[in-house]
Amino acid sequence: MLNFDLIVIGGGAAGLMCALTAGQRGRRVLLVDHAERVGKKILISGGGRCNFTNLNVEPENFLSHNPHFCKSALSRFKPQDFIALVEKHGIAYHEKTLGQLFCDGKAIQIVNLLLDECRKGGVRIQTQYRIEKIDRIENQGRFRLQTNAGEFETQSLVIATGGLSVPKIGASAFGYEIAKQFGLPLIPCRPGLVAFRLGDKELKNVEGLSGISVEALVSCNTQSFREAMLFTHKGLSGPAILQISNYWQAGDPIEVNLLPDFHLEKTIPQWKKERPRAELKSCLNAHLSKRLVQRWLEVEPGNKPLCQYNPKEIHAIATRFHRWEVVPSGTAGYRSAEVTTGGVDTDALSSKTFETKSVPGLYFIGEVLDVTGWLGGYNFQWAWASGHCAGLAI
């Protein structure tokens, strides 16, 4: 039977960061993963270029039942710390909108960075290991793991198995099952950063708009995001929709402002003075897709020359474009969700070390916890920060 100071279960961003940090501190570390390779979610992130962090990370960018939990880790391992690693490995990167950082090349560069750092720490990595049983040896304060490749013992055990999103690359409920085994509370899980589905009636209202993207201000439950929104053949997607999905609950309406830079109740009268005989659609077409404008003006009062609109009609048009309210019938589910909201209740852990309060030596990090970041590199930064802090503590 092989013995280690630390065994990390899960070869994603958080697990690799924890393993390399502990390994470089002289700990004997084994990282195991059930997949054939580590870092699979990293490889598909950011369209294959990995949006590895964000320049503007703040605790307010994260959703959790305990909003204070993430503060310690995020303050101790910042975006600049991971950027320093990226630059150390000579990886070219660029900034996109809203502080998002992407590799110029492929996401495999980030995986290779993590593997190189693990090698420097002497971390042993084993893939295609299936964990069959975990026991705690109470009189020794150690953990014994039974796997398809034999038994292992460790002083400390880190669960970094992620959530339920993207099951096609191996996502499972393993981490939550381990939490239950050791009596830790769970916050109910649901898909996060996910597209919305619309019911038949709502889909008919947007028929013919699939593929159209528009910069919109999307709001739900006092939270708002202004980014691109995409009409799809099943509903709504795009960054603005993915962002707001974290704050949406079944049955909630979302409100969409299709022209956030305008105030149509003021703008249309101005157009009316300047071009009284011009049709409203010709003015709107300069700012929105022609197909979208046409669809939105098919209801009362319809499209006509600007000089023919009265204040009541202008108000109705402004409401339709600025305050379109729609109730999604559901989401696209874990199959296409980027993250899982909910998870292991953070009240059960130390925010500094990520060790569970009731089971010494047992740690949870990354997405398996009830901490969910916004779209745009925030969830990777949480993985790096939580993994780093746990790795320092063990």
Side-chain angles (χ1 to χ4, degrees), residues 8 12-25 38-39 41-43 45-64 67-121 123 158 160 193 225 227 239 243 338-339 346 350-354 363 365-367 369 371-394:
V8 180
L16 287 164
M17 178 58 79
C18 179
L20 71 87
T21 303
Q24 291 181 16
R25 294 178 58 243
V38 297
K41 200 168 185 181
I42 298 173
L43 292 172
S45 66
R49 294 188 182 274
C50 188
N51 179 194
F52 56 83
T53 193
N54 193 293
L55 294 174
N56 307 309
V57 173
E58 299 290 344
E60 293 73 26
N61 304 130
F62 296 84
L63 184 67
S64 174
H68 301 290
F69 181 83
C70 66
K71 293 180 178 179
S72 175
L74 293 174
S75 67
R76 293 163 62 204
F77 191 84
K78 298 182 178 181
Q80 291 72 22
D81 296 312
F82 195 78
I83 292 169
L85 262 181
V86 170
E87 293 177 345
K88 170 187 169 184
H89 284 259
I91 299 172
Y93 64 93
H94 59 278
E95 179 183 351
K96 293 184 75 173
T97 58
L98 303 174
Q100 303 172 58
L101 298 186
F102 288 78
C103 297
D104 287 356
K106 300 294 185 181
I108 186 65
Q109 294 176 291
I110 299 297
V111 176
N112 288 339
L113 174 161
L114 297 167
L115 291 175
D116 285 346
E117 293 293 327
C118 280
R119 279 190 284 271
K120 291 175 184 176
V123 176
V158 176
L193 298 179
F225 292 94
E227 293 190 63
Q243 296 278 38
E338 300 213 7
V339 293
T346 57
S350 163
S351 62
K352 293 184 178 180
T353 67
F354 292 83
Y363 299 73
I365 57 175
E367 189 182 343
L369 293 171
V371 178
T372 305
W374 290 2
L375 185 73
Y378 298 97
N379 287 292
F380 272 128
Q381 187 58 35
W382 172 244
W384 313 138
S386 60
H388 175 79
C389 292
L392 285 180
I394 298 171

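Remember, predicted model here, so these are calculated numbers, not experimental data.
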Indicate yes or no: at least one non-hydrogen side-chain atom of Ile108 is less than 4.5 angstrom from one of Ile42.
no
Partners of Lys106 by side chain to side chain donor-acceptor pair (under 3.5 Å), sequence neighbours excluded?
none
Distance in Å, His89 NE2 paired with Leu113 CG, rounded so as to fall on 0.5 Å steps
4.0 Å
Between Arg76 and Cys389, is there a donor-acceptor pair closer than 3.5 Å when you use the side chain of the first and the backbone of the second?
no
Quick check: do Phe380 and Phe82 have side-chain heavy atoms less than 4.5 Å from each other?
no
Would Arg25 and Leu392 satisfy side chain to side chain contact (heavy atoms under 4.5 Å, CB included), going step by step from the backbone distance to the final call?
CA-CA 8 Å; Arg25 294 178 58 243; Leu392 285 180; 3.8 Å; yes
Side chain to side chain contact (heavy atoms under 4.5 Å, CB included) between Lys78 and Val57, worked out:
CA-CA 8 Å; Lys78 298 182 178 181; Val57 173; over 6 Å; no
Looking at every non-hydrogen atom in both residues, tell me the closest pair between Tyr378 and Asn56 and how far apart they are.
CE2-O, 3.8 Å
Whether Lys41 side chain and Glu338 backbone form a donor-acceptor pair below 3.5 Å
yes
is_close_aromatic(Phe77, Trp384), centroid dist under 6.0 Å
no
Is there a side-chain contact between Leu43 and Ile110 in this structure, where contact means two heavy atoms from C-beta onward sitting under 4.5 Å apart?
no
Taken in chain and number order and not counting sequence neighbours, the residues that satisfy salt bridge (Lys or Arg N to Asp or Glu O under 4.0 Å) with Asp116 are Arg119
For a quick test of reading the model, state the closest non-hydrogen atom pair linking Gly23 to Val123 and the distance between them.
CA-CG2, 4.2 Å
Any residue meeting side chain to side chain donor-acceptor pair (under 3.5 Å) with Lys352, in chain and number order, not counting sequence neighbours
none
Restricting to non-hydrogen atoms, name the atom on Ala390 and the atom on Cys18 that form the minimum distance, rounded to 0.1 Å.
CB-SG, 4.1 Å
Partner set under side-chain contact (heavy atoms from CB on, under 4.5 Å) for Leu55, not counting sequence neighbours:
Ile83, Glu95, Leu101
Is there a donor-acceptor contact under 3.5 Å from the side chain of Gln24 to the main chain of Thr21?
no
Heavy-atom closest contact (Cys103 atom, Gln109 atom, distance)
CB-OE1, 3.9 Å
Any salt bridge (charged side-chain N to carboxylate O under 4.0 Å, His left out) pairs touching residues 45-62, not counting sequence neighbours?
none
Hey, would you say the Tyr93 and Phe52 ring centroids sit under 6.0 Å apart?
yes
Thr372 side, atom OG1; Leu193 side, atom CG - distance, nearest 0.5 Å:
7.5 Å
Not counting sequence neighbours, which residues clear ring pair (Phe, Tyr, Trp, His ring centres under 6.0 Å) with Trp382? List them please.
Phe354
Could you grab the distance from atom CG of Leu85 to atom CD1 of Ile91, nearest 0.5 Å is fine?
9.0 Å
Holding to side-chain contact (heavy atoms from CB on, under 4.5 Å), I want the full list of residues that pass it with Ser75, two or more places apart in sequence or in another chain.
none
So do Trp374 and Leu63 actually touch side chain to side chain, heavy atoms under 4.5 Å?
no
Should Ile365 and His388 count as side-chain neighbours, where that means a heavy-atom distance under 4.5 Å?
no
Results of ring pair (Phe, Tyr, Trp, His ring centres under 6.0 Å) for Phe62 - residues two or more places apart only:
none
Under the side chain to side chain donor-acceptor pair (under 3.5 Å) test, which residues partner Ser351, sequence neighbours left out?
none
Would you say the side chain of Gln381 lies within less than 4.5 Å of the side chain of Asn54, judging by non-hydrogen atoms?
no
Those residues at least two apart in sequence (or on a different chain) that pass side-chain contact (heavy atoms from CB on, under 4.5 Å) with Pro59 are Cys70, Lys71
Measure from the side-chain N and O atoms of Ser386 to the backbone N and O of Gly366, and report whether any donor-acceptor pair falls under 3.5 Å.
yes
Do the side chain of Asn51 and the main chain of Gly46 share a donor and acceptor less than 3.5 angstrom apart?
no
Quick one: salt bridge (Lys or Arg N to Asp or Glu O under 4.0 Å) partners of Glu117, sequence neighbours excluded?
Lys88, Lys120
Side-chain donor/acceptor of Asn61 to backbone N/O of Gly373, under 3.5 Å:
no
Does Glu227 have any side-chain contact (heavy atoms from CB on, under 4.5 Å) partners at least two apart in sequence or in another chain, and if so, which?
Leu98, Pro239, Ala240, Gln243
